[in-house]
There are 2 protein chains.
Amino acid sequence: MTTLKHNETQHISDEGDCALPHALSLMGEKWSFMILRSAFDDVRHFEGFLNKIGLARNILANRLARLTQGGILARTPCPNDRRKVEYRLTQKGLDLLPAMLALRQWGEKWATGIPSTPVLVDQADRKPIKEITIRSHDDRVLKWQDLCWVDVSQLDIDGETLDIVDEEALVKNIG
Amino acid sequence: MTTLKHNETQHISDEGDCALPHALSLMGEKWSFMILRSAFDDVRHFEGFLNKIGLARNILANRLARLTQGGILARTPCPNDRRKVEYRLTQKGLDLLPAMLALRQWGEKWATGIPSTPVLVDQADRKPIKEITIRSHDDRVLKWQDLCWVDVSQLDIDGETLDIVDEEALVKNIG
DNA sequence: GTTTCTAGTTGCAACTTAAAACTTAATCTA
DNA sequence: TAGATTAAGTTTTAAGTTGCAACTAGAAAC
């Protein structure tokens, strides 16, 4: 079932305490996001992905196996036609939607300039979703210049400002 | 300056009207997001990236060149020490922050389980940012089950519901 | 003026990808 | 029910990419 053995090239690995490398070990591979997008577009079968994305069969087989192993897709043989196999997004996979949309919106803004079609709309009122943004605890939209990195151990718990001796030092050498 | 010529392998390309392939042609490469993260962490020099990320020199040189060409980083020789070169995030690069954070948060939730350190906080009140979410036009948090795809041409403009003959057909075969 | 430092480049072996042909099992079709 | 077809892979092989280690070139330090 697994066509190629997994990557013997250098891994993006768990250096420091950042979850990004971990996320990228699955989603940072070429085609992973494209497969994900198709899955969100209700593509479920091998040939469907193949036609939609246009990658080599062996690579697709390998990626589907990895995404399945990684818990992003669930693989089930179809009960009514035993030749077919269904790949469906798990909750873990569904939870990648904000990341995928943020990336797509970025592409729209900076690369194509053209609004992508189709767009995601709120089922309730059929109005398009907003741009994905970073929000403060009280829901203000924050930009990079409004933010700074702080070590977890130095976090201001539930609103009380801690007496930190060298607060400046905390914003350096982030992980 | 460009160590390897760009990708002769199959490109993730502009199939349909979706900006995701375009975004991935730059950011879908191995290490791109790791380099971006380091840049957000104020790493600016070649050796800095090398130490922080732990990838091969030639690959780093190639990626920095591609990210520079792609307008995500700006490359400037240092005026005070002409041996050094500074790589800084452009606005285009800074705009990838939501995507990067969404990915990192997903990794935290599903892969490591451990909150990453350091965290981004609002400079104003030093409270951590919220989870990145999808928002409706009126700022409600939306999940996948609240959403559907609609073709751009069929969009309900400024609140009036259009008389669409076959509305069902629109949610199929999304791009 | 020699050493060191920074940002690369080069060469090569190991690995991955892409394309096309092949396989295996299940289902139509006549 | 034999033969064609479909779905989901696997195999083969060439071409492209990566990783490592050693090398280079220009600027600064000593």
Side-chain angles (χ1 to χ4, degrees), chain A residues 1-13 15 24-26 28-35 38-39 43-69 73-88, chain B residues 1-13 15 24-26 28-35 38-39 43-69 73-88:
Chain A
M1 186 199 283
T2 306
T3 307
L4 308 165
K5 62 177 176 299
H6 175 224
N7 263 344
E8 305 300 338
T9 67
Q10 197 164 122
H11 292 162
I12 290 172
S13 63
E15 158 261 310
L24 290 172
S25 71
L26 261 172
E29 291 208 81
K30 211 174 167 181
W31 304 116
S32 292
F33 264 107
M34 292 297 285
I35 292 170
S38 298
V43 173
R44 293 183 191 177
H45 302 287
F46 193 90
E47 303 288 333
F49 288 106
L50 209 58
N51 295 332
K52 185 114 192 170
I53 308 177
L55 79 172
R57 304 178 78 78
N58 52 347
I59 305 301
L60 177 61
N62 181 247
R63 288 307 171 271
L64 288 174
R66 300 234 318 117
L67 291 173
T68 303
Q69 278 173 53
L73 297 174
R75 180 187 182 280
T76 342
C78 285
N80 50 326
D81 184 344
R82 307 305 314 283
R83 288 172 305 182
K84 292 191 185 175
V85 168
E86 262 198 8
Y87 290 95
R88 307 260 236 145
Chain B
M1 186 198 286
T2 307
T3 307
L4 308 165
K5 62 179 174 300
H6 174 222
N7 262 344
E8 305 300 338
T9 68
Q10 197 165 120
H11 291 163
I12 291 172
S13 64
E15 157 260 312
L24 290 172
S25 70
L26 261 172
E29 292 207 81
K30 212 173 165 180
W31 304 116
S32 292
F33 264 106
M34 291 297 285
I35 292 170
S38 297
V43 173
R44 292 182 190 178
H45 302 287
F46 192 91
E47 303 288 332
F49 287 106
L50 209 58
N51 295 331
K52 186 113 191 170
I53 307 176
L55 79 173
R57 303 180 79 78
N58 53 344
I59 305 301
L60 177 62
N62 179 249
R63 289 305 173 273
L64 289 173
R66 301 236 314 118
L67 291 173
T68 303
Q69 277 173 53
L73 297 175
R75 180 188 182 279
T76 342
C78 286
N80 49 326
D81 184 343
R82 307 307 312 283
R83 288 172 304 182
K84 292 191 185 176
V85 169
E86 261 199 8
Y87 290 95
R88 307 261 235 145

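Computed from a prediction, not measured in an experiment: that's the story for all the values here.
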- [ ] Send over the distance from B:Glu47 CD to C:dT9 P, rounded to a whole Å.
- [x] 13 Å
Open item on the list: Distance check needed: D:dA8 P versus A:Tyr87 OH, whole Å only.
Closed with: 8 Å
Task: Non-hydrogen side-chain atoms of A:Arg57 and A:Phe46 separated by less than 4.5 Å - done: yes
TODO: Figure out the CG/C1' separation between B:Leu60 and D:dT18, and round it to whole Å.
DONE: 13 Å
Open item on the list: Nearest to the B:Ala56 side chain among D:dC20, C:dA18, D:dG9, which nucleotide is it?
Closed with: D:dC20
Task: Exam field: side chain A:His45 to backbone A:Tyr87, donor-acceptor pair closer than 3.5 Å - done: no
Task: Close side-chain approach of A:Ile35 to A:Val43, heavy-atom, < 4.5 Å - done: no
Open item on the list: Going by the rule side-chain contact (heavy atoms from CB on, under 4.5 Å), which residues pair with A:Arg82 if we only count those two or more places apart in sequence or in a different chain?
Closed with: A:Pro77
- [ ] Check every strand shown and say whether B:Phe49 touches a base, only sugar-phosphate, or nothing at a heavy-atom separation below 4.0 Å.
- [x] nothing
TODO: Could you check how far CD1 of A:Ile53 sits from C1' of C:dA19, rounded to whole Å?
DONE: 17 Å
- [ ] Using only side-chain N and O atoms of B:His45, determine if any of them is under 4.0 Å from OP1 or OP2 of C:dT6.
- [x] no
Open item on the list: Between A:Pro79 and B:Leu64, which residue's closest nucleotide on DNA chain C lies nearer the 5′ terminus?
Closed with: B:Leu64
TODO: Would you indicate, yes or no, if D:dG9 has its OP1 or OP2 atom less than 4.0 angstrom from a side-chain nitrogen or oxygen of A:Lys84?
DONE: no
Open item on the list: Between C1' on C:dA18 and NZ on A:Lys30, what's the gap in Å once rounded to a whole number?
Closed with: 9 Å
Open item on the list: Counting only side-chain nitrogens and oxygens, does A:Trp31 get under 4.0 Å of the OP1 or OP2 atom of C:dA18?
Closed with: yes
Open item on the list: Tell me every residue that passes salt bridge (charged side-chain N to carboxylate O under 4.0 Å, His left out) with B:Glu86, counting only those two or more places apart in sequence or in another chain.
Closed with: B:Arg44, B:Arg88
Task: Inter-end axis angle, the helix from C:dG1-D:dC30 to C:dA30-D:dT1, with every axis fitted to five base pairs (rounded, 10 degrees) - done: 10°
TODO: Take the protein atom CG of B:Leu50 and the nucleotide atom P of C:dT6, then report the distance between them rounded to whole Å.
DONE: 12 Å
Open item on the list: Test your reading of the model: is there a side-chain donor-acceptor pair from A:Thr68 to the backbone of A:Leu64, 3.5 Å cut-off?
Closed with: yes
Open item on the list: Tell me the interatomic distance from A:Asn62, atom CG, to C:dA19, atom P, rounded to whole angstroms.
Closed with: 16 Å
Task: Any residue meeting side-chain contact (heavy atoms from CB on, under 4.5 Å) with A:Thr76, in chain and number order, not counting sequence neighbours - done: none
- [ ] With the side chain of B:Arg63 defined as its heavy atoms from C-beta on, choose the nearest nucleotide among C:dA7, D:dG9, D:dT18.
- [x] D:dT18
Task: Under the side-chain contact (heavy atoms from CB on, under 4.5 Å) test, residues paired with B:Ala74 that sit two or more places apart - done: B:Thr90
Task: Donor-acceptor pair (no angle test) under 3.5 Å: A:Asn58 side chain, D:dG9 base - done: no
Task: Between C1' of D:dA14 and CD1 of A:Ile59, the distance in whole Å - done: 14 Å
Task: A:Arg83: side-chain contact (heavy atoms from CB on, under 4.5 Å) partners, not counting sequence neighbours - done: A:Asp81
Task: CG on A:Leu67 to CG on A:Leu73, rounded to 0.5 Å - done: 5.0 Å
TODO: Take nucleotides 21-26 of chain C nucleotide by nucleotide from the 5' end and write B, S or -, depending on whether a protein heavy atom sits under 4.0 Å from the base, only from the sugar-phosphate, or from neither.
DONE: B----B
